Amino acid sequence: MRRKLLPLLPGAVIGNGRMLATLKSSGELYRLFWPHIDQAQHLGQFFTGIRQVAPTPEGVWWLHDAPWYGEQRYLNETPVVLTTRRRDHPGLLVEQADFILPEEDVLARQYRVTNLSDRARFFNLVVYCTFLIDESALYDTMYLEFSHRALIQFRRNIFLALKLPGYPLVGYHTGRRDTPGDPLAAAGRGEFYGESYTLRAGAGALAWELGEIQPGETREATLYLAAASTEAAVLEQLARAAARPGQKWREETEDYWKRWLEQRPAAGNGGAEEAAFRRSLMVLKLLTSRETGASIAAPEFDPFYTGCGGYGYCWPRDGMYTALALDEAGYHREARDFYLFAARVQNDDGSWQQRYFTNGFWAPTWGKQIDQVGAVLWGYHHHFKLTGDGEFLREIWPSASLGAGYLVEHLSPNGLPEPGLDLWEDNFLQSTYAAAAIYGGLKGAAALAGIMGATGKAEEWDRAAQNIRESILNRLWNPERQCFLRGINRRVGCSDYHCALDRGEQAWRDRDPEGLYEIFWLEKDTRIDSAVLGLAFPFGVLEPGHPLMDGAIKTISRVLGNSRVGGIHRYERDCYQGGNPWILTTLWLGIVHALRGEAEQARALYRWALDNAAPTGLLPEQVDRERGGPAWVLPLGWSHAMFILLHLALEGKLSGQERG
């Protein structure tokens, strides 16, 4: 049976744009994606331990077990993760540095083992691993390749290989996991039976002799895990890795990332806030495919959809916010790559799917969302405004024209976009956020049309945008609550329909176009929704200081603010994962405050996000409503994108947006 990987927030994430790995806070390797950062996940289990051989033989002390304790952090905001593990009895300190080589699909695990006791001791380093290649327990083979002293497991054209150079291999055993032949229990006792070949559901255990370590002495060893499409290629990768000391690879990896981060010079005196800004840039790059430019929302942590619909996919909307943050920070090439990806995967009718794999394939979906069309078109124009890149404009113009045509064709008689899934993907209605995004998209497309000399299209799209703006102001403002409606004409269930009638709200029933079943509608969704902030940023329907935004901001802060732990909830009566405040909504409000010149309020929200980050500084999607701290999804790219944008806004370096 395949072992289910239940939802678990990682402690850290490392990668190179092709290979992506997540680590538990204990340093245990938890997930490994290759050759794309979103598919497939190949890891079953990967345990590392220390075994004392002499003077008194002991069983293996697995580093992830409870008697060990320590901390985990990123080194200098680069994706080199240092996990320290200390065990008072029997007196050991292990420093584990995990990183993925920037130009090779090789994960390196550098170990520094220090003897804290007052006597010399002999140690072995032990690894137990199982790989679920292509997320399958079928058709794989695990074997020991003796000439290279490497453990290899393959399935079809995916080969994973493990090697620790510089130390004698003193024990090995392979077997089928979850059977009596599984080598885990025997390896834990320090026993290795020498079986070198296993078919299906392979599991392997290896031991290397570290030798005698004197009191206070440290021994260093680096383990390499490589991925390739053939045995020859994966062994060649291991040979290249083994040809140099692990410390050299670590230094080169740090230097690579420092150079990339220095494209955006540090502001001020640095410090914790600048470090968090650079770490957010790092996260966005880790979550972006180096081959296609597509960015995933988060490393997949719930593949069985036990608590959600999955996060390891590219949403055009999330991708736009990532590209927006990278563009504003000066990383125009990365932003450009995303927009070119979006243009390549666009549907023939001008729309986009809800989400994609990073190679452009459609991902599992529960409905297209029209706001994403507006968001991408707005992003096209924003990128061109910042860069003046004529070649980019020529490349995306067909996509922009097609998308704008789609938006115009899908406007309702009331001047708003047709009903669809809202920003949060849980209600079907004419949402205020979607109207804002489509206004912004049409305004952006109209501006591009003017540059391209398509005067007729420019006028048509600008006129459509202005009509949407008028409809937003006339139909979506709720004076009773001094905020914009979440939306109008919301499709509801039968029970919600009758409850609405009992409350005296306007609701009606209809039939689908073929008359096969009833559809129930609610005229107005009066719940306060933080997504209406999109009217001011980024889509510029209203100036941040507009009187209506004054009321909306006050209402959002009062109604959606969490009185116990702080932060801003998504919308009233949100029950997803229990209903927690979100990092991105809190930062979104902070951005609008900053654009209004309200620096004190903006900085308070900025600091709240930092205070509720993970120990490694990664930003989650949600913050626990009772205790604070990460509650769900880590790291979320959109959270880090909004952090970058608020950081720049507080510095006065966020570019101005067009206002209606």
Side-chain angles (χ1 to χ4, degrees), residues 316-317 320 342 346-354 367-381 397-425 427-450 454-478 484-491 506 508 510 512-513 519 521-525 529 531-532 534-536 538-542 548 658-660:
R317 175 201 312 107
M320 185 281 289
Q346 186 179 26
N347 292 328
D348 292 340
D349 66 356
S351 68
W352 275 274
Q353 291 300 112
Q354 181 188 36
K368 293 194 292 187
Q369 294 155 260
I370 195 171
D371 70 274
Q372 299 203 106
V373 183
V376 173
L377 299 190
W378 181 91
Y380 285 167
H381 179 237
W397 169 242
S399 171
S401 180
L402 194 63
Y406 175 87
L407 293 179
V408 171
E409 291 172 3
H410 288 78
L411 295 177
S412 295
N414 63 10
L416 296 172
E418 291 178 353
L421 283 175
D422 69 343
L423 172 64
W424 309 121
E425 303 178 328
N427 284 143
F428 190 89
L429 76 170
Q430 290 184 291
S431 74
T432 299
Y433 175 84
I438 292 162
Y439 165 87
L442 286 171
K443 288 287 286 186
L448 295 179
T455 306
K457 289 183 175 180
E459 292 175 352
E460 178 191 5
W461 299 341
D462 187 75
R463 185 167 55 252
Q466 292 303 328
N467 289 338
I468 292 172
R469 183 178 188 273
E470 290 177 11
S471 294
I472 290 172
L473 296 177
N474 293 332
R475 297 178 181 275
L476 297 179
W477 175 252
N478 183 358
F484 288 91
L485 297 167
R486 191 176 187 206
I488 60 174
N489 300 328
R490 173 185 158 204
R491 191 168 67 195
Q506 292 295 316
W508 69 95
D510 199 355
D512 74 291
I519 303 175
W521 299 91
L522 177 65
E523 182 183 28
K524 295 179 180 179
D525 190 335
D529 186 351
V532 305
L535 291 164
F539 302 117
V541 179
L542 299 173
L548 294 184
E658 290 187 12
R659 306 299 174 193

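Any value given below was found using the heavy atoms of this structure, including those in side chains, with hydrogens, waters and symmetry copies removed. Fair warning: this is a prediction, and the values are worked out from it, not measured in the lab. When a residue number appears, it is its place in the shown sequence, counting from 1.
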Quick check: closest heavy atoms across [X] and [Y], and the distance to 0.1 Å?
X: P538; Y: M320; value: CG-CE, 4.5 Å
X: A435; Y: L476; value: CB-CD1, 4.5 Å
X: L448; Y: Y380; value: CD1-CB, 4.1 Å
X: L485; Y: T432; value: O-OG1, 2.6 Å
X: F428; Y: L421; value: CD1-N, 3.8 Å
X: L429; Y: G487; value: CD1-CA, 3.5 Å

Within-4.5 Å side-chain heavy-atom neighbours: [X] and [Y]:
X: S401; Y: W461; result: yes
X: K368; Y: N347; result: yes
X: L377; Y: L407; result: yes
X: E425; Y: Q354; result: yes
X: L416; Y: I488; result: yes
X: Y406; Y: I370; result: yes

Task: Criterion side chain to side chain contact (heavy atoms under 4.5 Å, CB included) on Q466 and K443, from CA distance to verdict - done: CA-CA 8 Å; Q466 292 303 328; K443 288 287 286 186; 3.2 Å; yes
[atom1] of [X] to [atom2] of [Y]: how many Å apart, nearest 0.5 Å?
X: L542; Y: F484; atom1: CG; atom2: CZ; answer: 5.0 Å
X: S431; Y: N489; atom1: OG; atom2: CG; answer: 11.5 Å
X: R317; Y: D371; atom1: CZ; atom2: CG; answer: 4.5 Å

Test your reading of the model: is there a side-chain donor-acceptor pair from [X] to the backbone of [Y], 3.5 Å cut-off?
X: Q430; Y: P417; answer: yes
X: Q506; Y: E523; answer: no
X: S471; Y: N414; answer: yes
X: W521; Y: D510; answer: no
X: D462; Y: A458; answer: no
X: R469; Y: V541; answer: yes

TODO: Please name all residues satisfying side-chain contact (heavy atoms from CB on, under 4.5 Å) with A531, sequence neighbours left out, ordered by chain then number.
DONE: L423, W424, Y433, D529
Open item on the list: Tell me whether the rings of W378 and F539 are parallel (<30°), tilted (30 to 60°) or perpendicular (>60°).
Closed with: perpendicular
Open item on the list: Evaluate V532 against W477 for side chain to side chain contact (heavy atoms under 4.5 Å, CB included), listing each step before the verdict.
Closed with: CA-CA 10 Å; V532 305; W477 175 252; over 6 Å; no
- [ ] Begin with the C-alpha distance, continue with both residues' side-chain angles, and end with the deciding distance and a verdict on side chain to side chain contact (heavy atoms under 4.5 Å, CB included) for N427 and R486.
- [x] CA-CA 10 Å; N427 284 143; R486 191 176 187 206; 2.5 Å; yes
